[in-house]
Amino acid sequence: MKVIYANGTVGECAPEEELHILRHTAAHIMAQAIKRLFPEAHFAYGPANEKGFYYDVDLGDRKLSEEDLAAIEAEMKKIVKENLPIRPEILPRAEAIAYMESRGEKYKVEHIADLPEDAEISFFKQGEYVDMCVGPHLCYTKALKAFRILGQSGAYWKNDKNNKMLTRVKGIAFRSQEELDDYMKLLEEAERRDHRRIGREMKLFMLADEAPGFPFFLPNGMALKNALIEYWRQIHTRENYVEVSTPMIMNRHLWETSGHWDHYKDNMYSTMIDDEVYCVKPMNCPGGVMVYRNELHSYRDLPMRVGELGLVHRHELRGALHGLFRVRCFTQDDAHIFMRREQITDEIIGVVHLINEVYTKFGFKYSVELSTRPEDSMGSDEDWEAATNGLRTALEKLGLPYTVNEGDGAFYGPKIDFHLEDSLGRTWQCGTVQLDFQMPLNFSLEYTDENNEKQRPIMVHRVCFGSIERFIGILTEHYAGKFPTWLAPVQAKVLLVSEKCADYGKKVYEALRAAGIRSALDDRNEKIGYMIREAQVVDRVPYMVVIGQKEAEEGNVSIRNRDTTETETMSLSAFIEKVQKETRERIC
């Protein structure tokens with residue numbers, strides 16, 4: 001694919017760069033279309049990203065309608081047909097500012113003013129439209145073959161809530177119409193699987209204006225959540241973890257000692273108690289440290305694996321909230337492991353094996369990323385190097401392929417992140433393993449070694465699910481609400497063909513509940529076909545137990561399978577054993 005660079009040269013770009021350049025050019029063409037339709041528009045940032053492209057636009061008091069978005073896409077198609085050449089120009093910083101001022105682009109002027117005095121600014125022009133950009137771009141507008149406007153949202157200028165809220169217009173572009181059509185089908189399927197819609201239909205959770213970002217779990221959602229927690233507890237007990245619970249509100253001094261106050265205070269909620277500042281915990285680790293510090297430890301106690309299902313609160317901007325994926329309170333399936341330095345590799349390997357077991361259970365593929373020291377960090381170079389090498393050694397000993405994400409570690413240590421892939425090929429960052437030399441130092445943690453000398457333990461922070469709420473959202477979309485039997489909120493629903501079999505149907509229902517099977521009884525005066533469809537399509541119940549006159553007379557049950565729609569007649573005891581086995585073995 002031929003592209004033009006800021007210096008005016010034309011060349012072939014690398015294949016892996018093609019999508020980015022296509023989408024970046026699409027952003028410019030979209031901006032040109034917006035300017036033609038709305039001459040009062042002022043433009044902020046308009047990059048390409050892995051999800052497509054967007055442009056943040058100041059439209060004054062105007063709100064874009066669906067018709068406006070369709071008009072923008074239609075105008076883009078006109079610009080493509082005009083086959084306008086795209087040409088670069090480079091100006092000194094002072095001239096660039098004057099140029100953008102003359103065009104009324106106040107956000108571009110502010111952006112240029114943030115650049116160094118000796119900077120040279122590159123622009124790309126297509127027809128009457130000029131945009132500040134480093135390039136490269138397509139050589140002609142007609143080279144953009146397949147694109148679509150997807151929608152709009154709000155975005156603060158420079159991502160600062162104190163600045164003006166702009167309109168973010170979003171789109172997607174691909175090399176061919178076939179690729180675009182495939183992507184749009186994927187979006188349609190993602191919409192069908194949206195956990196917010198499925199959550200409403202299955203009555204899993206609710207969101208209320210009175211508590212934005214604070215989800216309410218309904219009875220069905222609690223059944224699902226508790227099944228997940230029961231699984232978590234079982235595998236952690238097996239791996240010799242102990243479980244604790246630490247306070248949700250603790251004194252500000254604790255968070256200053258841990259380092260969270262300096263690095264995280266804008267995301268923390270606080271309150272006054274006894275004339276002192278107390279913080280609602282945004283993470284569990286300082287509480288875990290307090291548990292360790294509560295008593296003396298020797299080298300024989302280590303490794304000490306401490307788990308906590310802790311409810312944490314973090315302030316998120318209201319515009320960023322999204323179902324269970326972005327909330328203001330959530331349950332972290334945390335664990336903190338305190339160990340000797342020579343135990344690092346084995347403990348990291350054990351954690352990775354546990355996370356692998358969890359993801360494999362649900363059928364997720366995953367990739368691994370090693371994140372290194374960020375600019376805003378605490379601790380010595382020596383500790384950071386030792387911690388990073390400890391994680392790298394564990395990954396290499398496991399033979400796990402990984403990529404390095406420079407500068408994206410936690411402020412107290414490097415980390416391994418697990419990015420799982422769901423049934424639609426989307427990736428989610430969930431599990432993480434973080435090696436921490438700093439917090440044990442900040443809190444003066446100690447243990448006594450073989451020579452009765454005081455030593456500093458090393459600390460690992462890790463999660464498997466990440467946020468249980470978010471993981472439930474991911475599982476909901478991964479399974480499209482058709483949870484495996486052991487997770488399903490309602491495992492079996494008893495459906496009565498007529499009132500004549502009501503007594504037997506209630507006995508079946510009571511027997512299922514007595515056997516520990518999560519069950520429901522539908523004894524409404526409705527047609528059986530309607531009740532089956534509702535249980536299968538809306539409630540997504542794994543098994544429908546259909547009770548008619550024949551079943552009542554013979555003392556059997558007819559079982560309709562959600563996934564195969566086949567019906568099988570069996571004894572009630574055989575059905576109970578079947579469901580119990582799927583639950584006990586957690587068959588997915």
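The figures here come from the full heavy-atom set of this structure, side chains too, leaving out hydrogens, waters and symmetry mates. This chain uses plain numbering: 1 for the first residue, then up along the sequence.
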Taking the side chain as every heavy atom from C-beta outward, state whether [X] and [Y] have any atom pair closer than 4.5 Å.
{"X": "T432", "Y": "I416", "value": "no"}
{"X": "D58", "Y": "K164", "value": "yes"}
{"X": "V57", "Y": "H42", "value": "no"}
{"X": "C329", "Y": "V312", "value": "no"}
{"X": "T565", "Y": "Q536", "value": "yes"}
{"X": "L207", "Y": "F214", "value": "no"}
{"X": "I355", "Y": "V433", "value": "yes"}
{"X": "V545", "Y": "K493", "value": "no"}

Taking atom [atom1] of [X] as the centre, report whether more than 12 heavy atoms of other residues, nucleotides or ligands fall under 6.0 Å from it.
{"X": "N7", "atom1": "CG", "result": "yes"}
{"X": "R533", "atom1": "CZ", "result": "no"}
{"X": "E66", "atom1": "CD", "result": "no"}
{"X": "K78", "atom1": "NZ", "result": "no"}
{"X": "E585", "atom1": "CD", "result": "yes"}
{"X": "K106", "atom1": "NZ", "result": "yes"}
{"X": "E50", "atom1": "CD", "result": "no"}

Quick one: [atom1] on [X] to [atom2] on [Y], what's the gap to the nearest 0.5 Å?
{"X": "I79", "Y": "L144", "atom1": "CD1", "atom2": "CG", "result": "10.5 Å"}
{"X": "M30", "Y": "Y129", "atom1": "CE", "atom2": "OH", "result": "9.0 Å"}
{"X": "H478", "Y": "E421", "atom1": "NE2", "atom2": "CD", "result": "10.0 Å"}
{"X": "H313", "Y": "N267", "atom1": "NE2", "atom2": "CG", "result": "14.0 Å"}

State, to 0.1 Å, how close [X] and [Y] come at their nearest heavy-atom pair, and which atoms those are.
{"X": "G11", "Y": "Y5", "result": "N-CE1, 4.2 Å"}
{"X": "A480", "Y": "R193", "result": "N-NH1, 3.6 Å"}
{"X": "G431", "Y": "Y359", "result": "N-OH, 2.6 Å"}
{"X": "W486", "Y": "C588", "result": "NE1-SG, 3.3 Å"}
{"X": "S558", "Y": "T567", "result": "CB-CG2, 4.0 Å"}
{"X": "F216", "Y": "A208", "result": "CE1-CB, 3.9 Å"}

Any side-chain donor near an acceptor of the partner, [X] and [Y], under 3.5 Å:
{"X": "T583", "Y": "Q491", "value": "yes"}
{"X": "Q32", "Y": "E75", "value": "no"}
{"X": "H419", "Y": "Q429", "value": "no"}
{"X": "Q234", "Y": "R586", "value": "yes"}
{"X": "E406", "Y": "T372", "value": "yes"}
{"X": "D417", "Y": "Y402", "value": "no"}
{"X": "S65", "Y": "E67", "value": "yes"}
{"X": "T25", "Y": "H137", "value": "yes"}

Mind running ring pair (Phe, Tyr, Trp, His ring centres under 6.0 Å) on Y45 and W157 for me, showing each step along the way?
-> CA-CA 8 Å; Y45 295 126; W157 167 233; 5.0 Å; yes

Which is it for Y107 and F43 under the ring pair (Phe, Tyr, Trp, His ring centres under 6.0 Å) test, yes or no, and what are the steps along the way?
-> CA-CA 6 Å; Y107 296 102; F43 297 94; 9.6 Å; no

Side chain to side chain donor-acceptor pair (under 3.5 Å) assessment of N226 paired with E230 | CA-CA 6 Å; N226 286 335; E230 184 181 334; over 6 Å; no

Can you check whether [Y]'s main-chain N or O pairs, donor with acceptor, with [X]'s side chain at less than 3.5 Å?
{"X": "H24", "Y": "H20", "result": "no"}
{"X": "R328", "Y": "P212", "result": "yes"}
{"X": "E73", "Y": "R148", "result": "no"}
{"X": "H195", "Y": "L324", "result": "yes"}
{"X": "E469", "Y": "T331", "result": "yes"}
{"X": "R168", "Y": "D56", "result": "no"}
{"X": "N405", "Y": "D408", "result": "no"}
{"X": "D333", "Y": "G466", "result": "yes"}
{"X": "Q152", "Y": "V169", "result": "no"}
{"X": "K108", "Y": "A44", "result": "yes"}

What class does the angle between the rings of F205 and F217 fall in, given that below 30° is parallel, 30 to 60° is tilted and above 60° is perpendicular?
->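 Tilted: the ring planes of F205 and F217 meet at 30° to 60°.
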
Parallel, tilted or perpendicular: which describes the rings of Y55 and H28, with under 30° parallel and over 60° perpendicular?
->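 Tilted, since the angle between the ring planes falls between 30° and 60°.
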
Centroid separation F330 to F325 less than 6.0 Å |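 Aromatic pair excluded; centres sit 6.0 Å or further apart.
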
Run the salt bridge (Lys or Arg N to Asp or Glu O under 4.0 Å) check on E12 and K2 step by step: do they pass?
-> CA-CA 5 Å; E12 295 283 339; K2 289 191 180 301; 3.6 Å; yes

Is K35 paired with E128 through a side-chain N to carboxylate O contact shorter than 4.0 Å?
->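 Salt bridge between E128 and K35, a charged N being under 4.0 Å from a carboxylate O: no.
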
NZ/NE/NH1/NH2 to OD/OE distance under 4.0 Å, E40 and R62 =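 No, this pair does not count.
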
Take E582 and K578, measure what salt bridge (Lys or Arg N to Asp or Glu O under 4.0 Å) needs, and give me the verdict at the end.
-> CA-CA 6 Å; E582 290 183 28; K578 174 183 175 62; 3.6 Å; yes

Taking ring-ring contact (aromatic ring centres under 6.0 Å, His included) as the test, write out the residues that go with F418, two or more places apart.
->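 With sequence neighbours excluded, F418 shows a ring-ring contact (aromatic ring centres under 6.0 Å, His included) to Y366, given in chain and number order.
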
Between R560 and E568, does a salt bridge (Lys or Arg N to Asp or Glu O under 4.0 Å) hold up when you go through it step by step?
-> CA-CA 7 Å; R560 183 181 175 93; E568 181 182 2; over 6 Å; no

Is NZ or CZ of R23 both nearer than 6.0 Å to the six-membered ring centre of F53 and within 45° of the ring axis?
->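 Ring-cation test returns no.
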
So D114 and K158, salt bridge (Lys or Arg N to Asp or Glu O under 4.0 Å) or not? Walk me through it.
-> CA-CA 12 Å; D114 292 336; K158 293 185 176 179; 2.8 Å; yes

